[in-house]
There are 2 protein chains.
Amino acid sequence: MPSEKNTIVRIKDIALKAKVSTGTVDRVIHNRGRVAEDVKERVLKILKELNYEPNLMARMLGSKKQYVFAALLPDHAFDAFWLAPKLGIEKAERDLKQYGVRVEQYVFNPHDPQDYVKKAIKLTKMQPDGVLLSPIYYNETLPFFKKWNEAKIPFVLFNTQIADYDPLSYIGQDSYQSGLVAAKLVHYGQANPCSILIAHIDEEINNAQHLVKKEQGFRNYFIQNNLSHHYNILRVELNRSSQSGFIKKLDEIIESTVDLRQIFVTTSQAYDIAKYLEQRHIKNIRLIGYDLIPPNLYYLERGDISFLINQNPKGQGYWGINQLAEHIVFKREVPILKYLPLDIVTAENLNYFIDEKDDAFVDI
Amino acid sequence: MPSEKNTIVRIKDIALKAKVSTGTVDRVIHNRGRVAEDVKERVLKILKELNYEPNLMARMLGSKKQYVFAALLPDHAFDAFWLAPKLGIEKAERDLKQYGVRVEQYVFNPHDPQDYVKKAIKLTKMQPDGVLLSPIYYNETLPFFKKWNEAKIPFVLFNTQIADYDPLSYIGQDSYQSGLVAAKLVHYGQANPCSILIAHIDEEINNAQHLVKKEQGFRNYFIQNNLSHHYNILRVELNRSSQSGFIKKLDEIIESTVDLRQIFVTTSQAYDIAKYLEQRHIKNIRLIGYDLIPPNLYYLERGDISFLINQNPKGQGYWGINQLAEHIVFKREVPILKYLPLDIVTAENLNYFIDEKDDAFVDI
DNA sequence: TTGTATGCGTTATCAT
DNA sequence: ATGATAACGCATACAA
């Protein structure tokens, strides 16, 4: 075992031992070139030997470098879900401010691919040091991935995953696993055979992949646990654009399925079903959904929604910016995939997941 | 609105505006004295006006001050629960290392009050800048609180709360609320009337207060929801010191309560009941318990335990040290009470709560 | 290709 | 009671 030096190793120490100047060591550390090959190797060796770790404070102090990240995300005026990621991004910005990091937000209308592209172009023009985005339009996104790759601008994805052009990392949920969780809850609360409805309530087709995975996880739970013969699992795709169509379709299902006891809503629109059940005075059907948005919370607290699975939207924003900073500012390795916890939320533990406290994100 | 200056306000700027030197400003900021009253007030005023915020990097760089915190906690060799807080403490130490913070751990045998006192004495002798402890012995603790208060050493409590001698803050769970959560889960999974057993499995009497609160929360759920007449709620105190007594008591209850369907274990020993049910080949009784310790996880994954409520032990350690640093190093206000989320854990979302990833703590 | 000097914002140590 | 100035460890511009 090499002796554990208690004292901090500085560039000056390295320079001394390598019989060069601090400038040379600096050039080696940052690969700035202009240093002889043999010297470089010697310094590199000593760097390892002494286990040099840069003093981040000093580094940030000494460098007047400013970093600008760009965040491309949907306007929460159109869908309340997107407020939380925005807050997370802003929290991260506050945390990283002292390291010279600034975040510029580019908000787009999630119903308008044109706007998405427009904002993406604007963003690219700014030449940010890194990009965080929720790429809800696949085809529209790919060209930008290519551009950013060529410009060597790292980008991090959140909430929606696209594997092409290897992003720096993806932050989000494990949709399949969340389906398993939902199924477990359904199964736990439903001992007797019955029918179960999987409801996909799409506003857009954006997150189709997610919904498929959620359904797969949900169904596989019953298969893996040899419960398929106990439960009759139905599925429906609902569209809120036509209020009457929405109700009509539900009416049909309810009438034709007398033993329907549970509905699993794969999107954040569980409140729509809750409202429907309320209007129809149906009390013996339980609901599980996603996302802690206000209308869902209303029905959760009334007991009309049993559970909500929290997708940690604030954390997605926070960690997204954080990953960028880790990579770009601190030059550390970052995991390609960062799955956030699948929180099971009831009226009883709700407080801990919606509170305004800023520090609910820290990964310990 | 005063104009939002984009440039950073430095001590030098304050000095310039106040027509004094940076040294004087420094003395004002840190209350080091040796500055005329009128000058002090002038500087203070400008400090506010310009909304000065110190550059932490520069501060840490310029200051050779080192902080030593002491952590007093039970040895996890005696109870696996205590491993997590230790890991959290060590994670916090890593995070704060660059700010000159070091943490010294004082581990005691949780079955031996003498040892607790011994380690507390040793700790006090070291004159730490702050103390984090889990004060599992009330009477033995009070004298130290008094001492630390006199010595102006701030202390933070975790897991066990003692309000006397106003600690800097308490980190832990809301026991009452966790009882509500447990009851909700029981109720959700048990539509038909039945008997429910609350089992307190004490190793020590240490956490008696917690257990009472958990029971209160649990019972109140049924009262508040007008369900009392549906369920027959029993309670039992079990002691593991006598294996035969433990089994005998359970046998009696099982035999005399044919409609027993759920057991709520208020401590981390749910696995003991799971093991018992396994040996007796009882399959129609469900279990809810606390804490993600290995034996519990074993039965959770097998499905013998339905849910575990996670008390975030790692977070308790992490945030404990963090609160000390916030107060002592960064001189910020810290909340007197910090409740950690009540995570509902099943076999399906377990991964996210036990993973080794260090960053599972961040409060966003 | 290499070395030196200056500055970052703050603290701390001297003089005055 | 006050001011000037040298660290802190690193980055950077410039000199050699």
Side-chain angles (χ1 to χ4, degrees), chain A residues 5-44 46-47 50-67 97-101 129 328-332, chain B residues 5-44 46-47 50-67 97-101 328-331:
Chain A
K5 271 264 183 171
N6 202 355
T7 74
I8 287 169
V9 190
R10 303 157 304 170
I11 286 190
K12 195 190 270 187
D13 301 318
I14 307 288
L16 208 67
K17 190 153 187 187
K19 294 190 202 305
V20 293
S21 75
T22 59
T24 303
V25 176
D26 178 73
R27 269 168 244 133
V28 172
I29 290 177
H30 294 290
N31 269 312
R32 302 194 209 276
R34 299 186 309 162
V35 43
E37 192 56 35
D38 56 329
V39 176
K40 179 175 177 181
E41 285 187 19
R42 182 151 39 97
V43 171
L44 237 27
I46 297 177
L47 238 24
L50 265 51
N51 193 25
Y52 168 77
E53 291 203 16
N55 181 327
L56 290 186
M57 325 268 204
R59 172 172 293 177
M60 300 317 299
L61 236 204
S63 157
K64 54 221 65 189
K65 188 153 185 50
Q66 298 281 17
Y67 299 92
K97 189 183 169 188
Q98 51 180 324
Y99 297 101
V101 171
D129 297 288
I328 297 168
V329 181
F330 305 117
K331 289 154 192 5
R332 300 196 188 110
Chain B
K5 271 264 185 172
N6 202 352
T7 74
I8 285 168
V9 194
R10 303 157 302 171
I11 284 190
K12 195 189 269 184
D13 301 318
I14 307 288
L16 207 68
K17 189 151 189 187
K19 294 189 203 303
V20 293
S21 75
T22 59
T24 304
V25 176
D26 178 72
R27 268 169 246 133
V28 172
I29 290 178
H30 295 289
N31 269 312
R32 301 192 210 278
R34 298 186 309 165
V35 41
E37 193 57 35
D38 57 329
V39 176
K40 180 175 175 178
E41 285 187 22
R42 181 151 40 96
V43 170
L44 237 27
I46 297 177
L47 238 23
L50 265 51
N51 193 24
Y52 168 77
E53 291 204 16
N55 181 325
L56 291 187
M57 326 266 209
R59 171 171 296 176
M60 300 319 298
L61 235 205
S63 158
K64 51 221 65 186
K65 189 155 182 52
Q66 297 283 6
Y67 299 92
K97 189 184 168 185
Q98 50 179 322
Y99 297 101
V101 172
I328 298 168
V329 181
F330 305 117
K331 290 156 193 357

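Naming convention: chains lettered A, B, ... in sequence-line order (proteins, then strands); numbering from 1 in each chain.
Nearer the 5' end of DNA chain C, as judged by each residue's closest nucleotide, is the contact made by A:Glu37, out of B:His30 and A:Glu37. The residue among B:Gly33 and B:Lys64 whose nearest nucleotide of DNA chain D lies closer to the 5′ end is B:Gly33.
Counting to the nearest Å, the P atom of C:dG9 and the CE atom of B:Met60 are 18 Å from each other. As rounded to whole Å, 13 Å separates atom C1' of D:dG9 from atom CD1 of A:Ile14. For B:Asn55 and D:dC10, the CG to P distance is 16 Å, given to the nearest whole Å. We find that CD1 of B:Ile11 is positioned 15 Å from C1' of D:dT2, with the value rounded to whole Å. Atom CE of A:Met57 is separated from atom P of D:dC10 by 12 Å (rounded to the nearest Å). Between A:Leu16 atom CG and D:dG9 atom P there is a gap of 14 Å when expressed in whole angstrom units. Rounding to whole angstrom units, CG of residue B:Leu61 and C1' of C:dA12 are separated by 14 Å. What separates OH of A:Tyr67 from C1' of D:dA11 is a distance of 11 Å, to the nearest Å.
Direction change of the helix axis from one end of the helix from C:dT1-D:dA16 to C:dT16-D:dA1 to the other is 50°, with five pairs defining each end axis (rounded to 10°).
For the pair A:Arg32 and D:dA11, the criterion of a side-chain N or O lying under 4.0 Å from OP1 or OP2 is not met. Regarding contacts with the backbone of C:dC8, every side-chain N or O of A:Tyr99 stays at 4.0 angstrom or more from both OP1 and OP2. The side chain of B:Arg10 contributes an N or O atom lying less than 4.0 Å from OP1 or OP2 of C:dG9. Side-chain N/O atoms of B:Tyr52 include one lying less than 4.0 angstrom from OP1 or OP2 on C:dT10.
For A:Lys331 (side chain) and A:Ile328 (main-chain N/O), a donor-acceptor pair under 3.5 Å exists by modelled atom type.
In this structure, A:Thr22 and A:Ala15 approach most closely via the heavy-atom pair N-CB, 3.7 Å. The two residues A:Val9 and A:Tyr52 make their nearest non-hydrogen contact at O-CD1, 3.4 Å.
Using a 4.5 Å heavy-atom cutoff, the side chains of B:Asn31 and B:Lys40 are in contact. Side-chain contact between A:Ile11 and A:Ile29: present, with at least one pair of heavy atoms (C-beta onward) separated by less than 4.5 Å.
Rounded to the nearest 0.5 angstrom, B:Gln98 CD and B:Leu61 CG are separated by 11.0 Å. In this structure, the separation between CD on A:Gln66 and CG on A:Asp129 is 10.0 Å, given to the nearest 0.5 Å.
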For B:Asp13 and B:Leu16, what are the C-alpha separation, side-chain angles and deciding distance, and is it a side-chain contact (heavy atoms from CB on, under 4.5 Å)?
CA-CA 5 Å; B:Asp13 301 318; B:Leu16 207 68; 5.6 Å; no
Distances for protein N/O vs nucleotides 3-6 of chain C N/O pairs under 3.5 angstrom?
unit_1: C:dG3; atom_1: OP2; unit_2: A:Ser21; atom_2: N; d: 2.8
unit_1: C:dG3; atom_1: OP2; unit_2: A:Ser21; atom_2: OG; d: 3.2
unit_1: C:dG3; atom_1: OP2; unit_2: A:Thr24; atom_2: OG1; d: 2.8
unit_1: C:dG3; atom_1: N7; unit_2: A:Arg27; atom_2: NH2; d: 2.7
unit_1: C:dG3; atom_1: O6; unit_2: A:Arg27; atom_2: NH2; d: 2.8

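Using a 4.0 Å heavy-atom distance criterion, A:Asp26 is classed as a base contact.
Take A:Arg332 and apply the salt bridge (charged side-chain N to carboxylate O under 4.0 Å, His left out) test, not counting sequence neighbours, and it matches A:Glu326.
Checked against a 6.0 Å centroid threshold, the rings of A:Phe330 and A:Tyr99 count as neighbours.
Distances from the side chain of B:Ser63 to the nucleotides D:dG9, D:dA1, C:dT11 place C:dT11 closest.
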